[in-house]
Amino acid sequence: MEESSKTAPLIVGRITYAYDTPEEALREALLNALCHKQYQSGVPIQISVYEDKLYIVNCGCLPENWTLENLMSKHASSPYNPNIAHVFYLAGFIESWGRGIEKICSACEKDGVPQPEYTINPGDIMIKFTAPEDRLIRSVTGRVTEKVTDKVTDTLDETSLKILNLLAIDPAYTTTFLAENLSLSRKTVSLRLKMLKDAGLIERIGSDRKGYWKLLK
């Protein structure tokens with residue numbers, strides 16, 4: 001898996017979220033959650049994505065007599081599900097047991113983002129990733145049509161306004177996602193995006209694969 005640039009999409013079902021967590025750190029956090037989850041609880045791993053933070057909550061607990069200090073320092077691995085951890089090791093998803101948190105912290109430091117914060121509760125463990133202020137992808141408050149109707153309603157068709165509405169919800173929505181949700185072809189969506197860009201209503205930030213659309217006033 002390639003290392004992430006500053007921003008990349010997190011795809012859950014048919015919804016694409018923008019997040020600013022180093023890809024290697026997020027990958028290790030998810031693998032850790034899978035290896036240490038108490039599956040008998042029936043509670044799924046929970047991921048919450050916000051504009052400035054990302055949480056992963058896993059039903060599990062630390063080994064007996066362990067503290068948060070033990071978890072964050074160098075330690076021997078004691079996966080709750082050693083068979084799952086072994087399969088991941090054989091598949092090349094993890095290099096060695098016991099280095100997950102070390103790799104997460106190292107990836108965050110390398111990418112210049114804050115170190116993750118762990119919270120240990122009686123029945124679960126939560127990790128929080130925080131995005132630096134200068135990298136936040138802010139959603140537009142309210143529907144975009146409320147902000148631009150007076151200026152552009154007469155010049156934009158309904159399809160273009162629907163695209164702007166979706167980009168106001170999440171600027172990282174892809175052309176494919178927009179096309180599927182509006183029942184349009186990718187070519188039609190691409191043409192509308194170009195028209196909106198040429199009209200000075202949106203601006204592309206970053207690459208086609210890992211960038212997002214910035215809505216302009």
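Just so we're clear, the structure is a prediction, and the values are computed from it rather than from any experiment.
In this structure, Asn58 contributes its side chain and Ala33 its backbone to a donor-acceptor pair below 3.5 Å. The closest donor-acceptor contact from the side chain of Arg27 to the backbone of Leu30 lies at 3.5 Å or more, if one exists at all.
Proximity of Thr159 to Leu184: side-chain heavy atoms (C-beta onward) are separated by under 4.5 Å at one or more points. Two residues are said to be in side-chain contact when any heavy atoms from C-beta on lie closer than 4.5 Å; Thr119 and Ile125 fail this criterion. Taking 4.5 Å as the limit, some side-chain heavy atom of Leu26 sits within range of a side-chain heavy atom of Leu54. Looking at heavy atoms from C-beta onward, Phe88 lies in side-chain contact with Leu31 at the 4.5 angstrom threshold. Side chains of Leu166 and Leu182 form a contact here, defined as non-hydrogen atoms less than 4.5 Å apart. Within the 4.5 Å cutoff, side-chain heavy atoms of Tyr55 are placed close to those of Lys53. Side-chain contact check for Tyr39 versus Ile84: some heavy-atom pair is nearer than 4.5 Å. Counting heavy atoms from C-beta on, the side chains of Lys214 and Ile202 never come closer than 4.5 Å.
Here the shortest heavy-atom pairing between Cys108 and Pro116 reads SG-CD, 3.9 Å. What you find for His36 and Asn81 is that their closest heavy atoms are C-ND2, 3.9 Å. Residue Gly100 comes nearest to Glu28 through the heavy atom pair CA-OE1, 3.8 Å, listed as atom of the first residue, atom of the second, then distance. Leu216 approaches Glu203 most closely through the heavy-atom pair CD2-OE1, 3.8 Å. Nearest heavy-atom pair across Cys59 and Ser41 is SG-OG, 3.3 Å.
Ion pair Lys162/Glu158 flagged as a salt bridge, since at least one NZ, NE, NH1 or NH2 atom sits closer than 4.0 Å to an Asp/Glu carboxylate oxygen.
Taking hydrophobic clusters as Ile, Leu, Val, Met, Phe, Trp and Tyr residues chained together by side-chain heavy-atom distances below 4.5 Å, Tyr80 does not share a cluster with Ile45. Hydrophobic clustering, with ILVMFWY side chains joined whenever heavy atoms are under 4.5 angstrom apart, groups Ile120 together with Ile104. If you chain together hydrophobic residues whose side chains sit under 4.5 Å apart, Leu191 and Phe177 never meet in one group. Transitive grouping of hydrophobic side chains (ILVMFWY, heavy atoms separated by less than 4.5 Å) keeps Val43 and Ile56 in distinct clusters.
Heavy atoms from other residues, nucleotides or ligands lying under 6.0 Å from CZ of Phe93 number 12 at most.
Evaluation of the salt bridge (Lys or Arg N to Asp or Glu O under 4.0 Å) rule for Glu109 yields no partner, not counting sequence neighbours.
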